[in-house]
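Beneath this line is the structure, given in structure tokens, with notes to follow.
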Amino acid sequence: MSAGAPARLDPEATAMPGRSVISSRAYEQLIRAVAGEALGVGRRESAVRVSDAGGRLAIAITGPAGGDGQPVVELVESARATITERTVALTGAAVGEVSIHITDIRFREGRTR
Amino acid sequence: MTTGVSARAARRMRFRSRSAAVIVALLAVTLGAVYLGTEAALVLLSQPPLVSAPFGLLDAADADPLVSGGAAAVLALIGVVCLVCAVTPGRFRRRFIADERATIVVDDDVLASSISRSVAIEAKVARSQVRTSLGRRRAEVRVTPTTGFDVSDEPVRQVGEQLLARGGVTPPVKTRAVIERSGVIA
């Protein structure tokens, strides 16, 4: 074996040595903020767990949703789409599934902006 | 390729020496011969046997089928062991690498881990997410992708193939890449 760098397919294709790693905690913190925004509650109100589902991210969110008149199912469905889209955009990781478990409804009555 | 001394040296490193088996076998034969010779001499001189006369032993074996059966089984086992020692090639899990000036023999484990390392760098996964098993003629590289990021099998296979081809290993190895369905989160 000749000395030097290990075998590479194309030395120019991978010009930058090393690799990037996103920890599950980082995913969870990031998705927590995204989910809070999408569900109309604070950024720290949801609990998020990420796991692997066939090589893709499986996201499980548990937390409250904001009750501002929109039907909850609709809100959650659009939140699922938003969370998927934003997570892919922010991390680059493929998202396989997003499950949302709503545990509470936060009303914003009486509060004006 | 190398010739003469170098090739012989490489062969010696790749195959187990039979000298240990030969030493054991010859020792056993020597002991048997010494015993038979001593007892035969004692019988001829009409002296009492040192351990027990060979003919006495045969009579005892004839009298009890358990003894004769046991003796037969032990002898058969010794025969089988000798046969296995003689016939099997006694290869070490090692490979010869072509070089102009030196004789290089590499353990398969070392080769497998160097494939794993190169594949991990290429696939941008942790070293622990790649497992390479090296058979005699086939290498299988199993990659567990990082969750959310796909790994394609063709580049993985090519990295393995290239590494082995550049080393010019003998016996040659075909590489197969397997990408695991499920991934791991770092």
Side-chain angles (χ1 to χ4, degrees), chain A residues 1-35 47-61 80-99, chain B residues 95-102 104-106 110-111 113-130 139 141 143-169 175 177 179-186:
Chain A
M1 242 178 293
S2 55
R8 281 287 181 78
L9 274 189
D10 178 5
E12 274 122 80
T14 47
M16 182 101 80
R19 63 189 199 97
S20 317
V21 176
I22 306 173
S23 72
S24 53
R25 187 174 151 71
Y27 278 121
E28 284 162 9
Q29 296 292 354
L30 185 140
I31 295 165
R32 200 146 81 112
V34 169
V48 177
R49 302 295 313 168
V50 292
S51 55
D52 181 88
R56 282 151 192 280
L57 271 186
I59 302 170
I61 300 163
R80 271 157 39 92
T82 312
I83 291 163
T84 305
E85 196 180 294
R86 296 275 292 147
T87 304
V88 172
L90 289 169
T91 65
V95 174
E97 56 180 76
V98 178
S99 325
Chain B
R95 247 156 259 265
F96 177 70
I97 285 179
D99 189 272
E100 281 169 23
R101 287 182 293 179
I104 307 174
V105 174
V106 184
V110 174
L111 210 54
S113 82
S114 79
I115 294 172
S116 292
R117 206 172 75 92
S118 296
V119 166
I121 291 168
E122 175 64 36
K124 295 201 175 289
V125 297
R127 170 65 187 78
S128 60
Q129 285 164 245
V130 186
V141 185
V143 183
T144 307
T146 303
T147 298
F149 299 92
D150 287 337
V151 175
S152 42
D153 56 353
E154 187 51 27
V156 167
R157 198 189 63 76
Q158 279 181 29
V159 166
E161 205 93 301
Q162 254 181 24
L163 194 128
L164 292 165
R166 198 168 59 172
V169 296
T175 311
I179 310 296
E180 302 282 2
R181 293 262 329 274
S182 55
V184 287
I185 302 178

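Source: prediction; values computed, not measured. Heavy-atom basis, side chains included; hydrogens, waters and symmetry copies ignored. Labels below follow one simple rule: chain letters A, B, ... track the order of the sequence lines, proteins then strands, and each chain is numbered from 1.
- Counting non-hydrogen atoms of other residues, nucleotides and ligands closer than 6.0 Å to CZ of A:Arg49 gives a total of 12 or fewer.
- Taking all atoms of both residues into account, the shortest heavy-atom contact from B:Thr147 to A:Tyr27 is O-OH, 4.1 Å.
- Interface remark: A:Thr91 contributes backbone atoms only to the contact with chain B (heavy atom separation under 4.5 Å).
- B:Val184 touches chain A through its backbone: at least one of N, CA, C or O sits under 4.5 Å from a heavy atom, while the side chain does not.
- Looking only at side-chain heavy atoms (C-beta outward), A:Arg56 and B:Asp150 come within less than 4.5 Å of each other.
- Residue A:Arg86 qualifies as open at atom CZ: its count of foreign heavy atoms under 6.0 Å is 12 or below.
- Annotation for A:Ser23 and B:Ile185: closest pair C-CG2, 4.4 Å, computed over non-hydrogen atoms.
- Taking every heavy atom of both residues into account, B:Lys124 and A:Gly18 meet most closely at NZ-O, 3.1 Å.
- Proximity to chain B (any heavy atom under 4.5 Å) is shown, for A:Val88, by neither the backbone nor the side chain.
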